[in-house]
Amino acid sequence: MGQPGPDHRPPRRRRASRHARHHRRTHRTNLRRVRRCLRERRRPDRRGVLRPAAFEQQRQRPDLLPVDLPRPRGGRAPARLHGPCAVQVRSIAPRPVLSHAPSPRSGGVLCSTRAARRSCRSRLGTFRARWHGDAKETVEMAWMKIKDAFKAPPGTELTVKGWVRTRRDSKADGGLSFVAVHDGTCFDPIQVVARSDLPNYEGEIARLNTGCSVEVDGVLVASQGKGQAVEIQATAVRVIGWVEDPDTYPVSNKRHSFEYLREVAHLRTRTNTFGAIARVRHTLACAIHRFFDERDFFYVHTPIITASDAEGAGQMFQVSTLDHMNLPRTPDGQVDYNEDFFARKAHLTVSGQLNVETYCCSLSRVYTFGPTFRAENSNTSRHLAEFWMIEPEIAFADLQDDAKLADEMVKYCIDAALTERPDDMRFFDERIEKGIIERLRAVVDKPMRILPYTDAVKILQDSGQKFEYRVQWGTDLQSEHERYLTEHHFKQPVALINYPKKIKAFYMRENDPGTDGAPDTTVAAMDLLVPGVGELIGGSQREERLEVLDRRIEEMGLVKEDYWWYRDLRRYGTVPHAGFGLGFERLVQFVTGMQNIRDVIPFPRAPRQAEF
RNA sequence: GCCCCGAUAGCUCAAUGGUAGAGCGAGCGGCUGUUAACCGCUAGGUUCCAGGUUCGAGCCCUGGUCGGGGCGCCA
């Protein structure tokens, strides 16, 4: 705080006078605003934003009924506690807030239907007395997740546990605080109304800050204020964990940039955005497993450490237990990997595909879903060094089957997010990418576009667009080209198929000459491009003909013997088969509208980024 | 890896080479069934780091660190 000393005084005086000038100025402006508001019979708001007069009417809604909450009166209460005891009517309004008439036996009202009464009783059956720190007997009520609390009937007694989003105070009715509490189970926090007659009101409740963890006992009631349908009238608020310095709490109740939140990845999950991302990510992961399970796919756990280099391309992370400072050497000076853990050079996997193909060629339909590692020095919003990839592989299938599978899977996932997480999706629609719900719905409804690479090149060449890189058959499409196709030309996901073989991996099946009228040989590859993300899926039909595969391995300058077990699949009962890889984080990006891939994985790994 | 841009209060950002400010957040007080609340006051700074130019550097120069965007690699 302050360090008052002779040295500091002169600058302080100067600052104070400037301060004063400024405040006189803003004060005059505010006065003008307020006077205008009064003339127009409106309520003044900050920055001159005026609220409609309806606000006042809303505040005076007569149909809301204040209630008194019972406090423990010493002695044992639990045995006598049952649903209707929880609330006492203090004053009668024309229409009670709790949806049925007071019961004479209890003098209180809680549940309107038989089912709701039953539900109350069963929850209350779990009550038990508990000795609390302040030597007062309190009641532990049924702990409910906030998502369930929102669905419970008014009058339900419950406990919620979570973290404080905001606290607002009011002096009305002798003083009360509104505490927004979230526990991550749904998008919205629940509003807890804590009255000043709670024993720890002054000392604790009125000092709650964003980030504090609390347990709240109370009764669910229809809200008197607008902005939420229900709220909790608290009978007890227990502070579990304080925020030690609210001034430096990294995710205070305000807007933060995603760049900043990346630096506090351990706390960013408490924000509404990252909570929503986590839930949608979970829903998508579950949807993927469900999608495959419903279609008789088996989930195969392919190895994370591998000695094979799946595609002969791409930087890999090396896995070694050798002492870097004292490496064993062979006589010719090379590192002697015979001394290493696996007695050979080993890496983190860049793809489970080659392994999962073996299961495909025996279990027919399989998939992997696991972490994948690329040591490329990629600095983009769509690349990670560690990401999760889904790789299905289907036997007795060609590229058309593969594309169909990709189409169905993407649609299934989108539909799951839209139907299972409407609250989170509404948030993404309003705050992250306007209109995303509609666009996703359109993806589900429309048939997927499938377009040969050769035709795509023609479209681009005839587009009249100025591209930084010239479009030319035989070269890989640049991301500006892909974006033009999916974001401008088709305005929907597009699967490009049958790429020139020179730009694709050795295991992709060679097409017959002249396929799609292409000038040179193509392979049965498929890339699914989606707006905003680019390549969501990369896949192919696999080369099942041994002699063609061997030729391709040779052409690529690879060593046949390294792939001996992969080649065996072609020697013993080979079948046409196909598969693809879907970058899970890119799917999450596509569904949420988040722009940077580092924000859709809990703890991003990228070049120079592995803090958490 | 290449090309651009940036780094100033807890956060988001201002500030011709000449006395470092605002909004939000925080603390205190006022008002209020509140909800991006509002009003007043207060505190809060090694202007990323190391050098250099200058009477004087947040600003100009050099080097570094970190972050962002685009491209490449891909999923």
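Note that the coordinates shown come from a computational prediction; the quantities given were computed from them, not determined experimentally. Each chain gets a letter, A, B and so on, in the order the sequences are listed, and its residues count up from 1.
At the heavy-atom level, A:Asn209 lies under 4.0 Å from the strands shown only through sugar-phosphate atoms. Note on A:Asn596: only backbone sugar-phosphate atoms sit closer than 4.0 angstrom, heavy atoms only; bases stay farther off. Residue A:Phe387 is classed as a base contact, given a heavy-atom separation below 4.0 Å to a base. Contact annotation for A:Gln478: backbone-only contact, meaning every heavy-atom pair under 4.0 Å involves sugar-phosphate atoms and none involves a base. Among the atoms of the strands shown, only primed sugar atoms or phosphate atoms (P, OP1, OP2) are found under 4.0 Å from some heavy atom of A:Ile537. Among the protein residues, A:Thr380 comes within range of the nucleic acid bases, having at least one heavy atom under 4.0 Å from a base atom. Counting any heavy atom pair closer than 4.0 Å across all strands shown, A:Thr166 reaches no nucleic acid atom. In this structure, A:Arg165 reaches neither bases nor backbone, as no heavy-atom distance under 4.0 Å exists between it and the strands shown. A:Ser177 comes within 4.0 angstrom of no nucleic acid atom, judged by non-hydrogen atoms across all strands.
A:Tyr484 and A:Phe467 have perpendicular rings, their planes meeting at more than 60° on a 0 to 90° scale where under 30° would count as parallel. Classified by interplanar angle (parallel below 30°, tilted 30° to 60°, perpendicular above 60°), the ring pair A:Tyr367/A:His289 is tilted.
Residues A:Glu585 and A:Arg598 both approach RNA chain B. Their nearest nucleotides, taken by heavy-atom distance, put A:Arg598 toward the 5′ side.
Under 3.5 Å, the side chains of A:Ser223 and A:Gln228 contain a donor-acceptor pair of N or O atoms. Between the side chains of A:Gln191 and A:Arg168, at least one donor-acceptor pair of N or O atoms lies under 3.5 Å.
Atom-to-atom, CD of A:Gln191 to P of B:A36 comes out at 11 Å; the value is rounded to the nearest Å.
Going from the P atom of B:G18 to that of B:G56 covers 14 Å, rounded to whole Å. Spacing between B:G10 and B:G44 at atom C1', rounded to whole Å, works out to 9 Å.
The phosphate of B:G72 has OP1 or OP2 within less than 4.0 Å of a side-chain N or O from A:Ser479. Contact check, A:Ser252 against B:G10: no side-chain N or O comes under 4.0 Å of OP1 or OP2. Regarding contacts with the backbone of B:G27, every side-chain N or O of A:Arg207 stays at 4.0 angstrom or more from both OP1 and OP2.
Under a 4.0 Å N-O distance rule, the pair A:Asp527/A:Lys504 qualifies as a salt bridge.
With hydrogens and angles ignored, a donor-acceptor pair under 3.5 angstrom links the side chain of A:Gln233 to the base of B:G33. Under 3.5 Å, the side chain of A:Gln228 and the base of B:U34 form at least one donor-acceptor pair of N or O atoms. With hydrogens and angles ignored, a donor-acceptor pair under 3.5 angstrom links the side chain of A:Glu231 to the base of B:G33.
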